[in-house]
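Quick caveat, the model's predicted, so the values are computed rather than measured.
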Amino acid sequence: MAAKRGTDEMRDRVVLGEFGVRNVHTTDFPGNYPGYEDAWDRRRFEEVPTMAVEKVFVYNNTSIVQDEILAHRLGLIPIRADPRLFEYRNQGDEEGTEIDTLQFQLKIKCSRNAQAAKESSDPNELYFNHKVYSKHMTWVPLGNQTDLFPDADFRPVHDDILIALLRPGQEIDVLMHCVKGIGKDHAKFSPVATASYRLLPDITLLQPVEDEAAEMLQKCFSPGVIEIQNIKGKKVARVANARLDTFSREVFRHEGLKNLVRLARVRNHYIFSVESTGILPPDVLVSEAIKILMGKCQRFLNELDSVPME
């Protein structure tokens, strides 16, 4: 009976020890192999499309930022525009149309503030428009985009991205074309900042922990993991929400506590964390990634069906 319980634990839990982990090898359990989740984590989101600056037409740039560096910086600014409203631009098409291109203009010139105090050395007082931010990028509708998107608010996700610094007489005048693309082709199209997964924590108290030991145990875990209850005048610790724990293993530093707790992870319960760049909400990114995966599976099945059977 004990042997069966140990086998079940190996299959269902990754148990953490003081200096390492055990039961982490999953080669014998291909149904729970984490490589699938890793492939999902790395590959699916890079195929969710977004809109990003592809072409920069420089009409005037007298700043110290070279044209190619300026274009590169503009290309990495996330654009708040739903890519599902647009089509992919045809290869070789340089002009773009209202259904596949968003156009932005950046036109700004630095001038001196005549009202600034003579003894001032603060550029914020001495100059106007000496800092070029992403908020200075304005949407210029192409064709009938005003009618197609009457309530649209196409703009950079963040208004405070610094693009360049100017001094009196310097100016930037550029036109940008944003197109639909995927992160697999270029990082500027990536819709996520970070995407990761972890196994669900599983924390078990092997025996009652009371009074000062309960308070010490609570401090060893992330806030909200351990809760202290008052039972018959005694402070008793209980696991409130193991999901919140980051597994710092702080409890193993305390001789009086490390044998009272078992730390483990549920092998087949993955927690995905997706941090969006702001172009699309994380829940939309996940649903779109799932649709892409389903489409690939369907194409694979169609290919299998088309293979003649001998």
Side-chain angles (χ1 to χ4, degrees), residues 42-110 129-143 145 149 152-166 170-195 274-282 284-285 288-289:
R42 289 182 293 106
R43 305 297 295 180
R44 291 292 73 79
F45 291 109
E46 68 181 15
E47 296 183 26
V48 176
T50 63
M51 302 293 289
V53 174
E54 177 73 7
K55 300 288 184 181
V56 178
F57 303 93
V58 182
Y59 295 103
N60 193 8
N61 175 26
T62 55
S63 70
I64 63 171
V65 183
Q66 298 94 330
D67 293 351
E68 59 272 22
I69 302 300
L70 177 63
H72 183 267
R73 292 179 66 84
L74 293 172
L76 293 177
I77 295 176
I79 303 299
R80 178 167 292 169
D82 192 335
R84 295 171 292 184
L85 301 175
F86 298 89
E87 302 293 336
Y88 287 99
R89 180 186 283 192
N90 295 326
Q91 191 172 6
D93 186 0
E94 297 294 334
E95 297 298 326
T97 64
E98 61 270 13
I99 64 172
D100 60 25
T101 303
L102 274 178
Q103 184 172 254
F104 285 87
Q105 185 181 40
L106 176 60
K107 189 173 184 179
I108 187 170
K109 184 175 183 178
C110 180
N129 296 328
H130 75 288
K131 290 184 178 181
V132 183
Y133 288 106
S134 52
K135 66 181 179 182
H136 295 122
M137 296 170 56
T138 56
W139 173 46
V140 180
L142 274 174
Q145 283 185 340
F149 314 112
D153 183 25
F154 299 132
R155 58 184 176 85
V157 172
H158 306 287
D159 292 333
D160 57 351
I161 299 176
L162 184 64
I163 299 174
L165 294 176
L166 302 178
Q170 295 181 343
E171 63 179 305
I172 294 177
D173 184 5
V174 299
L175 198 66
M176 294 156 278
H177 281 184
C178 299
V179 301
K180 186 175 180 178
I182 59 176
K184 189 176 181 179
D185 295 332
H186 196 287
K188 66 183 178 183
F189 292 111
S190 178
V192 296
T194 59
V274 179
E275 180 185 358
S276 171
T277 58
I279 298 173
L280 292 172
V284 174
L285 291 177
E288 290 298 309

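Shown here for Thr277 and Ser190, the closest heavy-atom pair between the two residues is CG2-O, 4.0 Å. Taking each heavy atom of Leu102 and Ala81 in turn, the nearest pair found is CD1-CB, 3.5 Å. Between Leu165 and Ser63, the closest heavy-atom pair is O-CB, 4.5 Å. Nearest heavy atom pair, residue Gln170 against residue Leu166, reads OE1-CA, 3.4 Å. In plain terms, the two heavy atoms of Gln145 and Trp139 that are nearest each other are OE1-NE1, 3.4 Å.
Residues passing the side-chain hydrogen bond (donor to acceptor under 3.5 Å, both in side chains) test with Asp100 are Thr97, sequence neighbours excluded. Partners of Asp160 under the salt bridge (charged side-chain N to carboxylate O under 4.0 Å, His left out) rule, at least two apart in sequence or in another chain, do not exist in this structure. Applying the side-chain hydrogen bond (donor to acceptor under 3.5 Å, both in side chains) rule to Asn129 yields no partners; only residues at least two apart in sequence or on another chain are considered. Scanning for side chain to side chain contact (heavy atoms under 4.5 Å, CB included) contacts around Gln103 gives Val140, Leu142, Leu175, His177, with sequence neighbours left out. In this view, Ser276 and Pro282, Leu285 satisfy the side chain to side chain contact (heavy atoms under 4.5 Å, CB included) rule, not counting sequence neighbours. Scored by the side-chain hydrogen bond (donor to acceptor under 3.5 Å, both in side chains) test, His136 finds no partners at all (sequence neighbours excluded). Partners of Glu95 by side chain to side chain contact (heavy atoms under 4.5 Å, CB included), not counting sequence neighbours, listed by chain and number: Asp93. Partners of Ser134 according to the side-chain hydrogen bond (donor to acceptor under 3.5 Å, both in side chains) rule, which considers only residues two or more places apart in sequence or in another chain, do not exist here.
By the 4.5 Å heavy-atom criterion applied to side chains, Ile172 and Leu70 are counted as neighbours. In this structure the side chain of Leu106 reaches within 4.5 angstrom of the side chain of Met176, judged on heavy atoms. Proximity of Val174 to Leu74: side-chain heavy atoms (C-beta onward) are separated by under 4.5 Å at one or more points. A heavy-atom distance below 4.5 Å is not found between the side chains of Pro78 and Thr50.
Rounding to the nearest 0.5 Å places CD1 of Ile163 at 10.5 Å from OH of Tyr133. Note that CG of Leu85 is 8.5 Å distant from NZ of Lys180, once rounded to the nearest 0.5 Å.
For Thr101 (side chain) and Cys178 (main-chain N/O), no donor-acceptor pair under 3.5 Å exists by modelled atom type. In this structure, Asn61 contributes its side chain and Val65 its backbone to a donor-acceptor pair below 3.5 Å.
In the displayed structure, Leu76 atom CG is contacted under 6.0 Å by more than 12 heavy atoms of other residues, nucleotides or ligands.
Among pairs with a residue in residues 73-88, those fulfilling salt bridge (Lys or Arg N to Asp or Glu O under 4.0 Å) read Asp82-Arg84, Arg84-Glu288, at least two apart in sequence or across chains. Counting only residues at least two apart or in different chains, ring pair (Phe, Tyr, Trp, His ring centres under 6.0 Å) contacts with residues 61-91 comprise Phe86-Phe149, Phe86-Phe154.
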**Message:** Under the criterion side chain to side chain contact (heavy atoms under 4.5 Å, CB included), I'd like the reasoning laid out for Glu46 against Ile182: C-alpha separation, chi angles, the key distance, then a yes or no.
**Reply:** CA-CA 6 Å; Glu46 68 181 15; Ile182 59 176; over 6 Å; no
Below 3.5 Å, can you tabulate the donor-acceptor pairs from side chains in residues 51-60 to any protein atom, sequence neighbours excluded?
unit_1 : atom_1 : unit_2 : atom_2 : d
Glu54  : OE1    : Lys188 : NZ     : 2.9
Asn60  : ND2    : Glu171 : OE2    : 3.2

